[in-house]
Amino acid sequence: MGQIRIAVYDPDSAYTERFCQYMNAAAGQEYAFLPVCDKDQLNHLISARETEGVLVSDALREEYPLFIGDIHVGYLTEEPMEEAGEIFRYQSRREILEVLGKLLENEDTSVKLLVFAGASAGCGCSTAAASCAQKLSREDKRVLYINMSSLGDTGAIFQRGNPKDFQYLLKELETGGDLDAAMAAVLNRDTGGVYYYDNLSAPLSLMNITRARMEVFLKRLIDSGEFRYIIIDSSFSVNHGLLEACRMADRVVFVSDGVYTSNQRLHKIWSLFQMMGNGLCSKSILLYNKFHEKYGRLYENPELPVAGTIGVLSPAGPSQMAEQMTDCEALGEVLR
């Protein structure tokens with residue numbers, strides 16, 4: 001078995017170098033400690049999954065949670081407080097490795113909720129969301145894709161749908177029916193292993209979803225722990241239910257093709273997020289689709305971080321596009 005790669009980042013670069021030299025000094029160790037010079041380099045290692053663990057200083061605790069995807073994160077602390085993830089930096093090598101070993105044994109059982117919001121029709125939102133779901137499924141993650149698009153086009157990407165769809169589930173929720181039974185009846189599983197809720201029978205009725213109903217539905221899904229990731233594709237639909245999903249999400253991903261209509265719509269949604277508060281802006285990122293690059297331009301908003309560029313390539317159907325994008329590095333940044 002190869003060495004377990006641990007990236008180490010601290011604003012004090014001299015300390016970081018000394019720490020890694022100290023930890024790597026013993027021959028035959030199962031770990032390889034890599035000093036990282038800046039956060040961009042660290043984020044690239046995480047996005048590309050080129051490290052199994054990350055150690056950062058306490059000062060970066062708010063920026064890096066205990067788990068990034070399935071990468072373990074530890075905090076090099078000045079004074080041990082015995083909180084989750086903390087590793088007292090002034091210990092012997094043996095003591096540090098013992099704590100690190102226990103940290104790496106921990107399993108991330110949290111449920112991640114990701115919302116993909118398209119800036120306009122045909123900008124690649126559904127393709128990006130489906131690609132993300134397929135990428136996770138290939139990594140043996142149990143993932144649920146929910147089609148909240150007013151186009152109701154999941155069937156073009158995933159196969160093996162059943163007659164009951166998302167609208168049936170919402171009706172059961174509205175009338176006080178058995179929600180667990182309805183969720184089971186509506187559930188589909190694609191041949192590639194992605195579970196999904198389709199939205200075919202009356203997609204435009206999504207406009208009637210209330211925030212309260214969406215909260216009940218998503219909370220039930222999250223609390224069940226049945227799925228490791230829940231991915232919502234809203235395409236270009238914005239409604240009360242979607243806003244509640246964004247509020248509960250771990251990350252909101254805007255997808256834009258850079259054309260004027262997309263930029264204008266994205267600006268309106270961003271303004272709405274700013275007005276609503278609740279941390280919506282701080283957890284939002286942008287995926288830019290280079291397919292329309294020669295017609296448009298990048299949405300210029302310095303407050304909105306750019307996760308990267310996707311390529312929805314033509315000619316190809318949605319499933320082929322999703323296949324092409326599965327290994328896209330930008331999707332790794334989305335999952336970080």
With sequence neighbours excluded, what pairs up with Phe67 under the ring pair (Phe, Tyr, Trp, His ring centres under 6.0 Å) test? His72
Point-to-point distance, once rounded to the nearest 0.5 Å, from OG1 of Thr210 to CG of Asn239: 10.0 Å
Evaluate the side-chain proximity of Gln134 to Tyr145: yes if any heavy-atom separation is below 4.5 Å, no if none is. no
Verify the distance criterion only: is there a donor paired with an acceptor across the side chains of Arg142 and Tyr195 at less than 3.5 Å? yes
Heavy-atom side-chain proximity of Phe227 to Leu113 below 4.5 angstrom: no
Which pairs, with at least one residue in residues 90-131 and sequence neighbours excluded, count as a ring pair (Phe, Tyr, Trp, His ring centres under 6.0 Å)? Phe88-Tyr90
Nearest heavy-atom pair of Asn199 and Asn147: which atoms, and what distance? CB-O, 3.1 Å
Derivation of the side chain to side chain contact (heavy atoms under 4.5 Å, CB included) call for Asp10 and Phe19: CA-CA 10 Å; Asp10 189 291; Phe19 179 84; over 6 Å; no
Work out which heavy atom in Leu242 is nearest to a heavy atom in Ser234; give both atom names and the distance. CD1-CB, 3.5 Å
Heavy atoms only: give me the nearest Gly193-Ser137 pair and the separation to one decimal. C-OG, 3.4 Å
With a 4.5 Å cut-off on side-chain heavy atoms, are Leu100 and Ile4 touching? no
Considering only heavy atoms from C-beta outward, does the side chain of Ile310 approach that of Val255 to under 4.5 Å? yes
Once you round to the nearest 0.5 Å, how far does CD1 of Ile209 lie from NE2 of His240? 11.0 Å
Begin with the C-alpha distance, continue with both residues' side-chain angles, and end with the deciding distance and a verdict on side chain to side chain contact (heavy atoms under 4.5 Å, CB included) for Leu272 and Leu243. CA-CA 10 Å; Leu272 178 61; Leu243 292 176; 4.0 Å; yes
Do the rings of Phe254 and Phe273 sit parallel, tilted or perpendicular, given the 30° and 60° boundaries? tilted
Hey, what do you get for NZ (Lys219) to OG (Ser224), rounding to the nearest 0.5 Å? 11.0 Å
Quick one: do Glu174 and Arg213 make a salt bridge, cutoff under 4.0 Å? yes
Contacts of type side chain to side chain donor-acceptor pair (under 3.5 Å), residue Arg211, not counting sequence neighbours: Glu244
Hey, could you give me each pair passing side chain to side chain donor-acceptor pair (under 3.5 Å) that has a residue in residues 31-40? Not counting sequence neighbours. Lys39-Glu63
Salt bridge (charged side-chain N to carboxylate O under 4.0 Å, His left out): pairs with one or both residues in residues 98-109, sequence neighbours excluded: Arg94-Glu98, Asp108-Lys112, Asp108-Arg228
Would you check if Leu179 and Leu169 make a side-chain contact, meaning some heavy-atom pair closer than 4.5 Å? yes
Taking side chain as C-beta onward, heavy atoms only, is Val111 less than 4.5 Å from Tyr229? no
What is the minimum heavy-atom distance between Ser262 and Asp257, and which atoms define it? OG-OD1, 2.6 Å
Look at the side chain of Asn188 and the backbone N and O of Tyr196, then say whether any donor-acceptor pair between them is shorter than 3.5 Å. yes
Under 3.5 Å donor-acceptor, Tyr64 side chain and Ser57 backbone: no
In this structure, CG of Asn24 is separated from CD1 of Ile6 (nearest 0.5 Å) by 10.5 Å
Is a side-chain N or O of Glu52 found less than 3.5 angstrom from the main chain of Arg5, in a donor-acceptor match? yes
Within a strict 4.5 Å, meaning less than it, do heavy atoms of the Glu50 and His44 side chains meet? yes
Smallest heavy-atom separation, Asp233 atom then Ser126 atom, equals OD2-OG, 2.6 Å
Check the side chains of Asp58 and Thr77 for a donor-acceptor pair under 3.5 angstrom, ignoring hydrogens and angles. no
Minimal non-hydrogen separation, Val334 against Ala307, with atom names: CG2-CB, 4.3 Å
Begin from the C-alpha positions of Tyr197 and Leu144 and carry the test side chain to side chain contact (heavy atoms under 4.5 Å, CB included) through to its verdict. CA-CA 8 Å; Tyr197 288 145; Leu144 174 66; 3.9 Å; yes
Glu303/Gln274 under side chain to side chain contact (heavy atoms under 4.5 Å, CB included): CA gap, chis, key distance, verdict: CA-CA 11 Å; Glu303 297 177 310; Gln274 288 180 312; 3.2 Å; yes
From Thr51 atom OG1 to Leu42 atom CG, the distance as rounded to the nearest 0.5 Å: 8.0 Å
Considering only NZ, NE, NH1 and NH2 on the basic side and carboxylate oxygens on the acidic side, decide whether Arg49 and Asp70 come within less than 4.0 Å. no
In chain order, what residues pass the side chain to side chain donor-acceptor pair (under 3.5 Å) check against Glu62, with sequence neighbours excluded? none
So Glu83 and Arg61, do their side chains get closer than 4.5 Å, heavy atoms only? yes
In this structure, CD1 of Ile232 is separated from CE of Met248 (nearest 0.5 Å) by 8.5 Å
